[in-house]
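First the structure, in the form of structure tokens, and then the observations on it.
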Amino acid sequence: MIKITNITIPEGQSFEPFKNHPYIDVAQKSISLQSASEDKTIDGSHLTVFPGLIDPHVHFRVPGQDYKEDWCTAAKAALQGGYSTVFDMPNNLPACVSLERLQQKKEIIQQQLAKVNLPLRYELYIGADKNHFQEIVRVKPSVIGLKVFMGSSTGDLLMDDESSLHAAFSIAAHLNMVVAVHAEDECMIQERTPQFAHCHEHHVHSQIRTPEVAASAIRQAASLSRLYGTKVYVLHVSSIQELEVIAAAKKEGLPMYAETSPHHLFLNDTYYETLGAKAQMNPPLRSPEHQPALFQAIADGVIDTLGSDHAPHTLEEKNQDYPDSPSGVPGIETNLPLLLNAYQEKKLTLDQIASLTCRRIQTMFDYSDRNDLLLVDLNKTKTVDDANLKTKCGWSPFHGWQLTGWPVYSIIDGQLLDLA
Ligand code: DOR
Ligand code: ZN
């Protein structure tokens, strides 16, 4: 048996379930892992306990783009980042749009996870595609949700016509499936792109895909949710304009939920100057005034979750001029330290962090608690260094950032994983 003593259990709703947790003794401030093969006691006086983290939005690139990332490297990165569960997106090569492809994808993932013998839990999204609507009902029991790309991004999944969107939202509502939307208005993107064709610097990305481009798509998603009752999960919300639409939809009582991303919380469009294409993603970075609005939206409950949108591309790919440089940044290893560092700076509470990265995701997706735990050292300071990352792409937009608050142990399936 492994016993971890003197742990800190934070205050707040997100930590209430620990009162009935099979490994935690709240009064004793200890964790006991009966099924562990070793026998030892760990002094946890520097450790704070969290529920096992869930990343509801990752792109682990299998099948088809293993050269950017695979589940061997991604699982190491996810666990190192403090995550025990990930929900993976379907924009693969080929896109995951049918039961057959889903099964093939799962087989590869299983093989890769077995190869590294890592206990990462995962769920998969199915991609909405106008030629595969009949697949949605077939895959329903095996997927976490339906991903709809309303605007183009990495890969060829796109649903930019009205009738396809109506079909996807109504089918999902009928099946009680969450629709996760990449909300950018493709028509506006196409209209705006030619105006910037002469410029090959990465910052034009933010000028093409403006906050209004994103807000317009969210408005459309809200009206479909109103029409069909579809549960809509708006991914990577990045701007005040998007927040306004979501706040109004929530106020109206629509079943709309919102995610934000670490790059939108912690970076802004001034970073193009130093990061170039490493600051390019969809939706793009915004001007600095949007960042405090995102933090406020977390406090107000307008933002429900945080997803890393871990979207690795190689440096060689990123080192191209705009628009040849692909959009997307890795994030799963730096997410939690960024959040814990924001706690140190009094921008977030521990309860909010646990809600954003676990509790709210569990309720939204009706995803049962697996009793996984995470132990963090709130006072540990470390500098993000590309050389130490586990992700195959080997870089982070946060390289060189000194952060306070890092994961130390994960407990998955009753087994202790030492992350230090
Ligand atoms: O920047 C992005 N990269 N946004 C997306 O929607 C997709 C992602 C990717 O897969 O590269
Ligand atoms: Zn994404």
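Order of appearance sets the numbers: ligands from 1, and atoms from 1 within every ligand.
- Looking at Glu242 and Arg286, a side-chain N of the basic residue comes within less than 4.0 Å of a carboxylate O on the acidic one, giving a salt bridge.
- Residue-to-ligand polar distances keep Met281 apart from ligand 1: every N/O pair is separated by 3.5 Å or more.
- A salt bridge links Asp413 to Arg121: at least one charged side-chain nitrogen sits closer than 4.0 Å to a carboxylate oxygen.
- Within the 4.0 Å heavy-atom criterion, the part of His182 lying near ligand 1 is the side chain and not the backbone.
- Residue contacts with ligand 1, taken as heavy atom pairs separated by less than 4.0 Å, involve Ser153 solely via side-chain atoms from C-beta onward.
- Test His263, His57, His59 against His236 for ring pair (Phe, Tyr, Trp, His ring centres under 6.0 Å) and you get one pass: His57.
- Looking at Lys250 and Asp304, a side-chain N of the basic residue comes within less than 4.0 Å of a carboxylate O on the acidic one, giving a salt bridge.
- Of all the heavy atoms of Arg61, the ones lying under 4.0 Å from any atom of ligand 1 belong exclusively to the side chain.
- Using a 4.0 Å cut-off between charged nitrogen and carboxylate oxygen, Arg101 and Glu135 do not count as a salt-bridge pair.
- Between the Zn ion (ligand 2) and the N, O or S atoms of His59, the shortest distance is to NE2.
- Using a distance-only test at 3.5 Å, with no hydrogens or angles considered, a donor-acceptor pair links the side chain of Gln291 to the main chain of Leu265.
- Nearest N, O or S atom of Asp309 to the Zn ion (ligand 2): atom OD1.
- Nearest to atom 3 (N) of ligand 1 among the protein's heavy atoms is Ser327 O, 3.0 Å.
- Here the heavy atom of the protein found nearest to atom 8 (C) of ligand 1 is Ala311 CB, 3.6 Å.
- Salt bridge absent: Lys392 and Asp66 never bring a charged side-chain N and a carboxylate O closer than 4.0 Å.
- Counting heavy atoms only, Thr154 comes closest to atom 11 (O) of ligand 1 of the residues Val329, Thr154, Leu157.
- Between atom OG1 of residue Thr260 and atom CD1 of residue Ile246 there is a gap of 9.0 Å, rounded to the nearest 0.5 Å.
- Electrostatic pairing of Arg219 and Glu212 counts as a salt bridge here, judged by a charged N lying under 4.0 Å from a carboxylate O.
- Of all the heavy atoms of Gln280, none lies under 4.0 Å from any atom of ligand 1, so neither backbone nor side chain is involved.
- His57 contributes NE2 as its N, O or S atom closest to the Zn ion (ligand 2).
- Numbered from 1 in the order shown, with element, the atoms of ligand 1 that lie under 4.0 Å from a heavy atom of His313 read 11 (O).
- Here the heavy atom of the protein found nearest to atom 4 (N) of ligand 1 is Asn282 O, 3.0 Å.
- Residue contacts with ligand 1, taken as heavy atom pairs separated by less than 4.0 Å, involve Asn91 solely via side-chain atoms from C-beta onward.
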